[in-house]
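Worksheet for the structure shown next.
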Number of protein chains: 2
Amino acid sequence: MSAETGLRETQRRRTRRALLDAALSELAERSLGSLGLREVTRAAGVAPTAFYRHFRGMDELGTVLVEEALASLHGTVREILAATGDAERRGEAAVRLIAELVRSRPAHVRFLVRERHGGVPAVREAIAAQLDVLADETGAALGSDPVSAGWDRDDVTMLSRLLVDHMFMTASAFLTASLREEDWSAATGTALAQLRLIHLGRVHWAS
Amino acid sequence: MSAETGLRETQRRRTRRALLDAALSELAERSLGSLGLREVTRAAGVAPTAFYRHFRGMDELGTVLVEEALASLHGTVREILAATGDAERRGEAAVRLIAELVRSRPAHVRFLVRERHGGVPAVREAIAAQLDVLADETGAALGSDPVSAGWDRDDVTMLSRLLVDHMFMTASAFLTASLREEDWSAATGTALAQLRLIHLGRVHWAS
DNA sequence: GTAGTCAGTGAACAACTGTTACCTGAACGG
DNA sequence: CCGTTCAGGTAACAGTTGTTCACTGACTAC
């Protein structure tokens, strides 16, 4: 479905991408709330009015970026949860996948980290809702895991929330460390150690 | 030092406070980057030009807010670290103090959480620098603790970073839960459980 | 008492903002 | 081929922005 590869449609998609990319690159050192519609269109090489052909306003542009960013994150998390092996290996896989995500889509990740607590309610809520889903999935995967057999629901959710938040911590650490290679590997080490410590706590947990 | 209670000086301080408070209340649902100088002065009931008698620009206003917010946080953390008793009690004390801080200065706390990864470099860096100090202090306190005797430096810092970040997680959770009382106590429970889990991991850690 | 300091004001500026109504021309369906 | 659709452009709008300058008048130091 939605092949839609007419000449017009492809051009339309192109400008839409240009708008999203322009916004994304402008957001490297600013926040969505301070980003003007005209700035985006200017950076995209398009007339201001063209914006309205694609988005109702900046809020909508923002929520689209949320969906884009979290689509890849969602995929990443599913990979981790589906991964076999002991918790140690799973932790490594998690950190590795986050690292890849930061390397391949730094702008998207930065956007998520920044706007999670940012000043645009619509975007904030979109991220929060998606993260709730993510936490639930994590919780479900955790539930069907020998280590946490017999845990009550509250404890499972508190752990999954901790893990999701730790994911963001790690992503943020990678972003600020993404300049020097030694900082990068240090961040990797820290994230892995923290996951190991959390896992240790999990093993010795008594509901 | 700096008694300075002339009539003029007190009035000056009053407007300065008015500016800071106006900004703070305006920042309840927006970010610093999107906050205009004129908006602040308007909310403070003062002419736009009066702003310059107190701050060079919005960045400076921002860093002053950072100092204010982190002064209380600094005090809070010192109290926790100085607290005697086992780790369980210390965790309880930590959560309780954060809760108090959120209740007594919600705007400051929200400001910190939002601008930590926010769109104003100067403010972001000011917060990061202060948090580094905080993490170091935590690390020092952790170092002189029987539980973590013999840990190497890297492991201590990874733990203190985790704890500082967890503090922010908790503060953020309290902020979003501050409407309904049952959400509040649930947030308290989650934070406590997470600290307990981390502590368990700490006990069974092997450097 | 008097001269000086200085927090706050008022008016003006060029630049920029989001949004509207209307126009253009290339791709489209039949 | 021809009428229609529609992505994008132009021009204009009323507001708002940060910053400057000169000015006022209550406080201060002497």
Side-chain angles (χ1 to χ4, degrees), chain A residues 1-27 29-65 118-123, chain B residues 1-27 29-65 118-123:
Chain A
M1 66 188 210
S2 82
E4 287 282 2
T5 50
L7 281 192
R8 183 132 85 195
E9 184 65 15
T10 54
Q11 178 53 29
R12 178 183 153 83
R13 281 211 237 277
R14 193 193 309 283
T15 37
R16 188 183 145 100
R17 249 303 38 147
L19 286 170
L20 289 167
D21 290 342
L24 224 31
S25 91
E26 217 69 29
L27 287 172
E29 288 248 313
R30 330 223 331 250
S31 64
L32 183 65
S34 72
L35 185 56
L37 178 152
R38 286 182 109 108
E39 289 182 273
V40 175
T41 57
R42 198 181 309 134
V46 160
T49 42
F51 186 95
Y52 294 106
R53 300 275 177 208
H54 299 272
F55 311 102
R56 199 184 302 273
M58 286 296 295
D59 284 22
E60 196 172 299
L61 185 271
T63 59
V64 169
L65 283 181
V120 182
V123 170
Chain B
M1 67 187 207
S2 81
E4 285 284 1
T5 51
L7 283 191
R8 182 131 88 193
E9 184 65 15
T10 54
Q11 178 54 28
R12 177 182 154 83
R13 282 211 238 274
R14 193 193 309 282
T15 36
R16 187 184 146 100
R17 254 281 58 116
L19 287 170
L20 289 167
D21 290 341
L24 224 32
S25 90
E26 216 69 30
L27 287 173
E29 287 249 314
R30 329 225 330 254
S31 64
L32 183 65
S34 72
L35 185 57
L37 179 152
R38 285 181 111 107
E39 289 182 272
V40 175
T41 57
R42 199 181 309 134
V46 161
T49 44
F51 186 93
Y52 294 105
R53 300 277 178 209
H54 299 273
F55 311 101
R56 201 185 301 272
M58 287 295 295
D59 284 22
E60 196 173 298
L61 186 270
T63 59
V64 170
L65 284 180
V120 183
V123 170

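In the text below, chain A, chain B and the rest are named by the order of the sequence lines, each starting its count at 1. Keep in mind that the numbers below use all heavy atoms, side chains included, and drop hydrogens, waters and symmetry copies. The structure presented is a predicted model; accordingly, all values stated were derived computationally and were not measured.
No side-chain heavy atom of A/Leu37 sits less than 4.5 Å from a side-chain heavy atom of A/Phe55. Taking the side chain as every heavy atom from C-beta outward, A/His54 and A/Arg12 approach each other to under 4.5 Å. The shortest side-chain heavy-atom distance between B/Leu65 and B/Leu61 falls under the 4.5 Å cut-off. Contact of the A/Arg53 side chain with the A/Arg16 side chain is not registered, since no non-hydrogen atoms from C-beta on lie closer than 4.5 Å.
Rounded to whole angstrom, the span from the CE atom of A/Met58 across to the P atom of C/dT17 amounts to 12 Å. Rounded to a whole Å, the CG atom of B/Leu37 is 18 Å from the P atom of C/dC16. Between the CG atom of A/Leu35 and the C1' atom of C/dC16 there is a distance of 14 Å, rounded to whole Å. Regarding A/Arg38, its CZ atom lies at a distance of 13 Å from the P atom of C/dT20, rounded to whole Å. Computed from coordinates, the A/Glu26 CD to C/dT17 P distance equals 11 Å when rounded to whole Å.
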Checklist entry - Do B/Thr41 and B/Leu19 pass the side-chain contact (heavy atoms from CB on, under 4.5 Å) test, and can you show the C-alpha distance, the side-chain angles, and the key distance before you say yes or no? => result CA-CA 6 Å; B/Thr41 57; B/Leu19 287 170; 4.1 Å; yes
Next on the checklist: Applying side-chain hydrogen bond (donor to acceptor under 3.5 Å, both in side chains) to B/Gln11 and B/Arg14, what does each step give before you reach the verdict?
Outcome noted: CA-CA 5 Å; B/Gln11 178 54 28; B/Arg14 193 193 309 282; 3.1 Å; yes
Item to check | Residues A/Glu9, A/Arg13; criterion side-chain contact (heavy atoms from CB on, under 4.5 Å); working and verdict | outcome: CA-CA 6 Å; A/Glu9 184 65 15; A/Arg13 281 211 237 277; 3.4 Å; yes
Checklist entry - For A/Met58 and A/Val40, what are the C-alpha separation, side-chain angles and deciding distance, and is it a side-chain contact (heavy atoms from CB on, under 4.5 Å)? => result CA-CA 9 Å; A/Met58 286 296 295; A/Val40 175; 4.2 Å; yes
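For B/Thr49, counting side-chain heavy atoms from C-beta on, the closest listed nucleotide (C/dA11, C/dA21, C/dT17) is C/dA11.
In 5' to 3' order, the nucleotides of DNA chain D bounding all contacts with chain B (an atom under 4.0 Å from a heavy atom) are D/dT17 to D/dT28.
B/Arg53 comes within 4.0 angstrom of a nucleotide base, judged by non-hydrogen atoms across all strands. Using a 4.0 Å heavy-atom cutoff across all strands shown, B/Arg14 reaches no nucleic acid atom at all.
Two residues, B/Thr15 and A/Tyr52, neighbour DNA chain C, and the one matched to the more 5' nucleotide by heavy-atom proximity is B/Thr15.
A sub-4.0 Å separation between OP1 or OP2 of C/dT5 and a side-chain N or O of B/Arg12 is absent.
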Checklist entry - Which parts of nucleotides 25-30 of chain C does protein reach within less than 4.0 Å, heavy atoms only, written one letter per nucleotide 5' to 3' as B for base, S for sugar-phosphate only and - for none? => result -BBS--
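Considering OG of A/Ser34 and CD of A/Glu29, their distance stands at 11.5 Å, rounded to 0.5 Å.
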